[in-house]
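Inspection log for the structure reproduced underneath, given as structure tokens.
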Amino acid sequence: MEDLFGGAASYYARYRPGYGPAVIEHLAETSGADSRVLDLGCGPGTIAVPLARRVQAVLAVDPALEMLAEGRRLAGDLPNIVWLCGDSTTLRALPPFDHVVMGRSFHWMNRRSVLAQLDELLPPGGAVALVGPVRRPGEPWQPDAQPWQPVERRVCEAFGLDIHTAANSFHATGEHHHDVLAASPFSELESRVFTRRLTWDVDGLIGLQLSYSYSSPARLGDRLAAFVETLRRALLADNPAGRWEQKLVTEVITGRRPCPERRAARHAR
Ligand SMILES: C[S@@+](CC[C@H](N)C(=O)[O-])C[C@H]1O[C@@H](n2cnc3c(N)ncnc32)[C@H](O)[C@@H]1O
């Protein structure tokens, strides 16, 4: 499998913000303290590491060895994470798990096939939780929602880097995760939205940019230094104060198999 994030893992681990304690708390409550959770497309353990402190065990699976190495480093001596090289096509080879979480990784997969396999592998109460930015059908992949993004986009275009070149299933079909889950065996959906405020400096924004697959160090190759310099100059020309505020909005969509008792209990509340 192609390494989509070549050279990006250390930037990912350092500069991508975590989802925040409230998201982890929600995932822990959804799973239960005695559960084994599969984090599929775990990256450097953005979810796996904090979640492992709240559940019995985490199976952290990713096809990128560089991401797994960063994850192992960040997990330190946490005893209850197993890091495995694998992907959405090797689920049947995994040890048993009770629930699945996917943080910003589901769009890289054949989503229907993954959900069909999970229907075979998850126990009756098993949940599938998708964690990522809030995105409604018809919205662009990465709207210019953050103050630095128009500048970043201009520089990327000048270097021939286009977010839409990444061949993922969201771009290919435009079909929202909500709709894919709703049409799957995990059709009982719950959505929770969490907001955090972050402040960035110019080094943080450059590191963030290098953590994306479409502008990874491997993709930039020997243009990396020129890209970094051009982006730095453009960002500071646009905002000489060098401080950017971000409203980070994360949605957790949880899909479960329909359960008549749960539906009745919800209506009774
Ligand atoms: C944007 S990162 C997300 C990392 C982490 N889950 C997070 O929430 O920050 C996407 C990850 O999905 C992995 N990935 C790509 N294709 C995959 C597939 N078919 N199956 C499993 N993981 C995949 C990539 O290697 C990458 O580490």
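Note that ligands are numbered from 1 as they come in the structure, with each ligand's atoms numbered from 1 the same way. It should be emphasised that the depicted structure is a prediction, and the values quoted were computed from it without experimental measurement.
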Basic-acidic side-chain contact under 4.0 Å: Glu29, Arg54: no
Plane angle bin for Phe159 and Phe227 - parallel if under 30°, tilted between 30 and 60°, otherwise perpendicular: perpendicular
Heteroatom distance test (Gly103, ligand 1): nitrogen or oxygen, under 3.5 angstrom: yes
Heavy-atom side-chain proximity of Leu122 to Val100 below 4.5 angstrom: yes
Option set Phe106, Tyr212, Tyr12, Phe5, criterion heavy-atom distance to atom 9 (O) of ligand 1, minimum: Tyr12
Arg92 side chain reached by Gln117 side chain, heavy atoms, under 4.5 Å: yes
Ser105 neighbourhood, listing ligand 1 atoms whose heavy-atom distance to it stays under 4.0 Å: 12 (O)
Contact summary for Leu118 and Leu91, nearest pair of heavy atoms: CD2-CD1, 4.0 Å
Non-hydrogen side-chain atoms of Ser184 and Arg112 separated by less than 4.5 Å: no
Ser88: numbered ligand 1 atoms lying under 4.0 Å from its heavy atoms: 18 (C), 19 (N), 20 (N), 21 (C)
His107 side chain near His177 side chain, heavy-atom distance below 4.5 Å: yes
Residue Thr46 vicinity, atoms of ligand 1 by number, heavy atom under 4.0 Å: 5 (C), 7 (C), 8 (O), 9 (O)
Residue part near ligand 1, for Cys42, under 4.0 Å between non-hydrogen atoms: backbone
Atoms of ligand 1, numbered as shown, that sit under 4.0 Å from any heavy atom of Tyr19: 7 (C), 8 (O), 9 (O)
Subset of ligand 1 atoms that lie under 4.0 Å from at least one heavy atom of Met67: 27 (O)
Subset of ligand 1 atoms that lie under 4.0 Å from at least one heavy atom of Gly43: 4 (C), 27 (O)
Within-cut-off N or O pair, Ala64 and ligand 1, under 3.5 Å: no
Residue pair Trp148 / Leu208, side-chain heavy-atom distance below 4.5 Å: yes
Heavy-atom proximity to atom 24 (C) of ligand 1, best of Asp62, Thr89, Val101, Thr250: Asp62
For ligand 1, the portion of Val61 having any non-hydrogen atom under 4.0 Å away: neither
